[in-house]
Q: 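Following this message is one structure expressed as structure tokens.
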Amino acid sequence: MKKFILDLNLTLLSGQPPHFVWSREGEKFIRAWNGKIVEVSQNEKGEIISNNKKFCDFTFRAQDDLKKIYKKISTDSFMEKAIKDYYGLRLTQSDVWETTCCFVLSSNNSIPNIRKSTQLLMQKYGEKIESNLYSFPSIESIAKAKESELKKCKVGFRAPYLKHTARQLLENDFSFSKKGDAKCFFLNCLGIGEKISECISLFGYGFLDSFPIDVWVKRAMQQVYFNGRETKNEKIIEKANELWGDLKGYAQQYLFYEFMSKKGKR
DNA sequence: AGCCAGGGCGCTC
DNA sequence: GAGCGCCATGGC
């Protein structure tokens, strides 16, 4: 893997879809992909070591020049501090179905619970690759699953959402090249609204101008740019556009992580 | 016990 | 089209 700025631990544990899928094994992170194990680790020099460079380049968006991105999103002292604190936090990209599944699970849920449910789904519906390693479930396996069985994976009220959304993906071509087309499609899926469709657009398709507003991003934006006042999402997006334009998705990840990881300390 | 979590649905008005 | 209660589950 070519040298580029990456904090592997930070990136894989920052609440993006890989957080829910990859597992730590000693110094390495592992997951299944295409029926095989992918391993990735980082040595003391910061070099990335993996047995599947291509998949890592995709996952960690190797095409992004982080220095250029930092220059563009360092719009103020808050962003400068967030970048300094979380230097090497990269935006990730994941398979569209994986991204969709993870974020359908995210509604009114916590990151540890999303991971737990994702792992349970992998064990129940994925393919066994090694003794304790399972692939991500196929779209088909979730589409044909019984809701009562899905609920055994602690997905709660999201069971019908998962099943219906899997069916939608099964029956349609979802290889969109425009953000608007992707959003239109996913907004019509059960259990997916404005926020989650923005997440799929960002983390699944890699449209960096997406700007999902969850409770943390909302708090961050209100506190930093609106003097702590309650603000409509429309105004928040307007501000994000003004500040970061087509890179607001990247800025969003720093806002999210800054506020989420320091909950209780403020 | 009650509130909150990378929200969205279905119902009011 | 905006506002509100509700939705499983688990942590604090």
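All chains are named by letter (A, B, ...) in the order of the sequence lines, taking the proteins before the strands, and each is independently numbered beginning at 1.
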Q: Return whichever of A/Pro112 or A/Ser107 has its heavy-atom-nearest nucleotide of DNA chain C closer to the 5' end.
A: A/Ser107
Q: A side-chain contact here means heavy atoms from C-beta on lying under 4.5 Å apart; do A/Glu258 and A/Tyr86 qualify?
A: yes
Q: Answer with yes or no after comparing the ring centroid distance for A/Tyr87 and A/Tyr70 against a 6.0 Å cut-off, counting only values under it.
A: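 Ring-ring flag for A/Tyr87/A/Tyr70: true, centres closer than 6.0 Å.
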Q: Is A/Asp214 salt-bridged to A/Lys218, going by a charged N under 4.0 Å from an acidic O?
A: no
Q: Between C/dG10, B/dC9, B/dG7, which one does the side chain of A/Leu190 approach most closely?
A: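 Within the option list, the nearest is B/dC9.
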Q: In this structure, how many angstroms lie between the P atom of C/dC6 and the OH atom of A/Tyr161, rounded?
A: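 For the pair A/Tyr161 OH and C/dC6 P, the rounded distance is 15 Å.
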Q: Scan A/Glu194 against the nucleic acid and name what it touches under 4.0 Å (heavy atoms): base, sugar-phosphate only, or nothing.
A: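 It contacts sugar-phosphate atoms only.
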Q: What does A/Ile114 touch in the nucleic acid at a heavy-atom separation under 4.0 angstrom: a base, only the sugar-phosphate, or nothing?
A: nothing
Q: With sequence neighbours excluded, what pairs up with A/Glu140 under the side chain to side chain contact (heavy atoms under 4.5 Å, CB included) test?
A: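 A/Glu140 satisfies side chain to side chain contact (heavy atoms under 4.5 Å, CB included) with A/Ser138, A/Leu170 only.
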Q: Counting only side-chain heavy atoms from C-beta out, which of B/dC9, C/dA8, B/dA5 sits nearest to A/Arg219?
A: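 My answer, after comparing the listed nucleotides, is B/dA5.
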Q: Among the nucleotides B/dA5, B/dC9, B/dG7, which one has an atom lying closest to any side-chain atom of A/Asp214?
A: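 Shortest atom-to-atom distance from the side chain points to B/dG7.
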Q: Measure the distance from CG on A/Leu105 to C1' on C/dG10 and round it to the nearest whole Å.
A: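 Rounding to the nearest Å, CG of A/Leu105 and C1' of C/dG10 are 15 Å apart.
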Q: Quick check: are there more than 12 heavy atoms from other residues, nucleotides or ligands sitting under 6.0 Å from CD of A/Glu127?
A: no
Q: Within this structure, what is the CD-to-P distance between A/Glu198 and B/dG8, rounded to whole angstrom?
A: 10 Å
Q: Less than 6.0 angstrom separating the ring centers of A/Phe103 and A/Phe203, yes or no?
A: yes
Q: If each of A/Gly191 and A/Cys199 is mapped to the nucleotide of DNA chain B with the nearest heavy atom, which maps nearer the 5' terminus, i.e. the 5' end?
A: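 Nearest-nucleotide comparison on DNA chain B picks A/Cys199.
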Q: Please measure how far the P atom in C/dA8 lies from the corresponding atom in B/dC11, and state the result in whole Å.
A: 16 Å
Q: Would you say a side-chain N or O of A/Lys232 is under 4.0 Å from OP1 or OP2 of C/dG3?
A: yes
Q: What does A/Cys102 touch in the nucleic acid at a heavy-atom separation under 4.0 angstrom: a base, only the sugar-phosphate, or nothing?
A: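 No contact.
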Q: How many whole angstroms separate atom CG of A/Leu187 from atom P of B/dG7?
A: 16 Å
Q: When we call it a touch if two heavy atoms are under 4.0 Å apart, what does A/Lys195 touch: a base, just sugar-phosphate, or nothing?
A: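 If one applies the 4.0 Å heavy-atom cut-off, A/Lys195 turns out to touch a base.
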Q: Between A/Asn108 (CG) and C/dC7 (C1'), how many Å, whole number?
A: 8 Å
Q: Around A/Glu171, counting heavy atoms of other residues, nucleotides and ligands shown, do more than 12 lie under 6.0 Å from its CD?
A: yes
Q: Quick one: A/Trp216 CH2 to B/dC4 P, roughly how many Å, whole number?
A: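 Those two atoms, CH2 and P, are 11 Å apart.
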Q: Could you give the CE-to-C1' distance, from A/Met260 to B/dG7, as a whole number of Å?
A: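 After rounding, the gap between these two atoms is 17 Å.
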Q: If we take the P atom in both C/dA2 and B/dA5, what is their distance in whole Å?
A: 23 Å
Q: Can you identify which nucleotide, out of B/dG7, C/dG10, B/dC9, has its nearest atom closest to the A/Lys116 side chain?
A: C/dG10
Q: Is it true that A/Ile5 and A/Ile73 fall in one hydrophobic cluster, defined by side-chain heavy atoms closer than 4.5 Å?
A: yes
Q: From the list B/dA5, B/dG8, C/dA8, which nucleotide is the closest neighbour of the side chain of A/Arg158?
A: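 Between B/dA5, B/dG8, C/dA8, the one nearest the side chain of A/Arg158 would be C/dA8.
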Q: DNA chain C in dot-bracket, Watson-Crick or G-U pairs under 3.5 Å, [ ] crossing, | other strand?
A: |||||||.||||
Q: Grab the CG-P distance between A/Asn113 and B/dG7 for me, whole Å please.
A: 12 Å
Q: Using a cut-off of 4.0 Å on non-hydrogen atoms, how would the nucleic acid contact of A/Phe20 be classed: base, sugar-phosphate, or nothing?
A: nothing
